[in-house]
Amino acid sequence: MASTEKITVYNVADLRATTDDALLNYLNSLGLIQSHTLLDTRLALGFSAFLLSAACFAWDYKFGFESTKQYTLVAVALYTLLNGALTYWIMFVERGTIYAGSTKDGKTKIRVISDSKKPKTKGEAPVYKLRIDVEDVKTKKTQKIELERKFSEWFDANGRFVAAPFQTVLAQGVPLVGKLDPKRAVAAAPASGGQGLTKEQFAETPGYTAEILDAIASGLGESSTTATDQGAGKKRRK
């Protein structure tokens, strides 16, 4: 069944953001326990820097610059350190992570990083890229999985998200997800470009039209900016 909410299929950032949100909801629905440590740490660093700058402005306004310049110098140094820590955290710790969680028994951890890729040739749909790390907590062994599928496999030409084919891709590509959702794991895999989906799954139009693909290919350079900063200041929509 297709979602009633429509997005602009010409905007790759919207395609990716909607798919990211659907992935979070799907994994949580399987009983995985989501961890918000990464996002909470980012928010703590960001708000700390903001509060420090606000306090600096307040005491400068009330007492004047000359009497507070030493404190202002310390505040500037701390602000620089906080922003440096925030930048490091986003680039080298989060690294585009959209989901981090574990099974209910705590024996397995999962981390998902998403990205998008422009089509190689004109007329092709943009690609959704996933990097999934599944770690066995006891043995510390990590299974690294990479998936690349076209957005047109789970979006129809009207911009509606179709959950079934997307969930099938995850269940068949990630053993942990397949174990938690065996029905999707044994379902027929959607063909590339959405051509293997039924009319009911794509509601009205199976996949992108040629006009939409051409528009995406021509305007992708402007619309493929990453959506990782959309979560700053708030947790992702659930």
Side-chain angles (χ1 to χ4, degrees), residues 12-47 84-117 126-151 153-155 161 163-185 189-190 224-238:
V12 178
D14 284 350
L15 293 172
R16 179 181 168 189
T18 301
T19 303
D20 286 348
D21 288 342
L23 186 147
L24 266 65
N25 292 332
Y26 176 51
L27 294 183
N28 286 332
S29 72
L30 298 179
L32 292 173
I33 308 300
Q34 185 176 2
S35 170
H36 299 287
T37 302
L38 292 175
L39 181 57
D40 288 344
T41 302
R42 188 208 303 185
L43 292 175
L45 290 171
F47 278 121
L86 178 60
T87 301
Y88 177 85
W89 185 265
I90 293 174
M91 295 182 63
F92 300 103
V93 179
E94 287 189 1
R95 293 179 292 127
T97 299
I98 61 169
Y99 188 90
S102 63
T103 54
K104 290 183 177 179
D105 56 16
K107 294 182 179 180
T108 306
K109 292 182 178 180
I110 182 172
R111 177 171 176 168
V112 183
I113 298 173
S114 77
D115 198 359
S116 56
K117 184 173 68 174
V127 172
Y128 186 59
K129 299 175 61 178
L130 287 177
R131 160 76 180 274
I132 304 105
D133 294 341
V134 181
E135 178 188 355
D136 186 302
V137 175
K138 185 176 181 180
T139 63
K140 300 299 181 182
K141 292 183 178 180
T142 301
Q143 180 185 19
K144 300 182 183 296
I145 302 168
E146 293 187 359
L147 298 176
E148 292 190 12
R149 303 299 285 260
K150 296 178 180 179
F151 284 106
E153 292 187 33
W154 50 81
F155 280 99
F161 178 84
F166 177 66
Q167 294 173 359
T168 298
V169 167
L170 292 176
Q172 294 183 341
V174 185
L176 175 62
V177 177
K179 181 180 179 181
L180 297 173
D181 192 359
K183 291 184 178 180
R184 290 281 186 240
S224 60
T225 54
T226 59
T228 55
D229 289 336
Q230 291 181 358
K234 65 175 183 178
K235 289 185 174 61
R236 284 194 173 274
R237 301 187 304 274
K238 295 183 179 179

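No experiment lies behind these values; they were computed from the predicted model shown.
Remark: Thr41 engages no residue in a side chain to side chain donor-acceptor pair (under 3.5 Å) (not counting sequence neighbours). Contacts of Arg95 classified as side-chain contact (heavy atoms from CB on, under 4.5 Å), with partners at least two apart in sequence or in another chain: Arg111, Ile113. Residues satisfying the side-chain contact (heavy atoms from CB on, under 4.5 Å) test with Ile145, not counting sequence neighbours, are Ile132, Gln143, Leu147, Val174, Pro175.
To the nearest 0.5 Å, atom CG of residue Leu180 and atom NZ of residue Lys104 are 9.5 Å apart. Taken to the nearest 0.5 Å, the CG atom of Asp133 stands 9.0 Å off from the CD1 atom of Ile110. With values rounded to the nearest 0.5 angstrom, Ser116 atom OG is found 11.0 Å from Leu130 atom CG. Expressed to the nearest 0.5 Å, how far CG of Leu176 lies from NZ of Lys109 amounts to 14.0 Å. Atom-to-atom distance recorded for Leu27:CG and Gln167:CD is 9.5 Å, nearest 0.5 angstrom.
Residue Phe155 is tested with Phe166, Tyr128, Phe161 for a ring-ring contact (aromatic ring centres under 6.0 Å, His included); the sole match is Phe161. Just one of Leu170, Thr168, Val169 meets the side chain to side chain contact (heavy atoms under 4.5 Å, CB included) condition when paired with Gln172; it is Thr168.
Nearest heavy atoms, Gly46 versus Leu86: CA-CD2, 4.2 Å. Here the closest heavy-atom approach between residue Tyr99 and residue Ile33 is recorded as OH-C, 4.1 Å. Pairing each heavy atom of Asp105 with each of Lys107, the nearest pair is OD1-N, 2.9 Å.
Salt bridge annotation for Lys129-Glu146: absent, with no cationic side-chain nitrogen under 4.0 angstrom from a carboxylate oxygen. By the 4.0 Å N-to-carboxylate-O rule, Glu148 lies close enough to Lys117 to be salt-bridged with it. Salt bridge status for Arg16 with Asp115: present, with a side-chain N to carboxylate O gap under 4.0 Å.
Ring-plane geometry between Phe151 and Trp154 is classed as perpendicular, the angle between the planes exceeding 60 degrees on a 0 to 90 degree scale with a lower cut at 30.
A donor atom on one side chain and an acceptor atom on the other are found under 3.5 Å apart for Asp20 and Ser114.
Listed for the Thr18 side chain is no donor-acceptor partner under 3.5 Å among the backbone atoms of Leu15. In terms of modelled atom types and a separation under 3.5 Å, the side chain of Trp89 and the main chain of Leu38 share a donor-acceptor contact. Proximity of a side-chain donor or acceptor of Asn28 to a complementary backbone N or O of Leu24 within less than 3.5 Å is detected.
With contacts defined as side-chain heavy-atom distances shorter than 4.5 Å, the pair Val112/Thr97 does not qualify. A 4.5 Å side-chain heavy-atom check between Glu135 and Lys141 finds every atom pair outside the cut-off.
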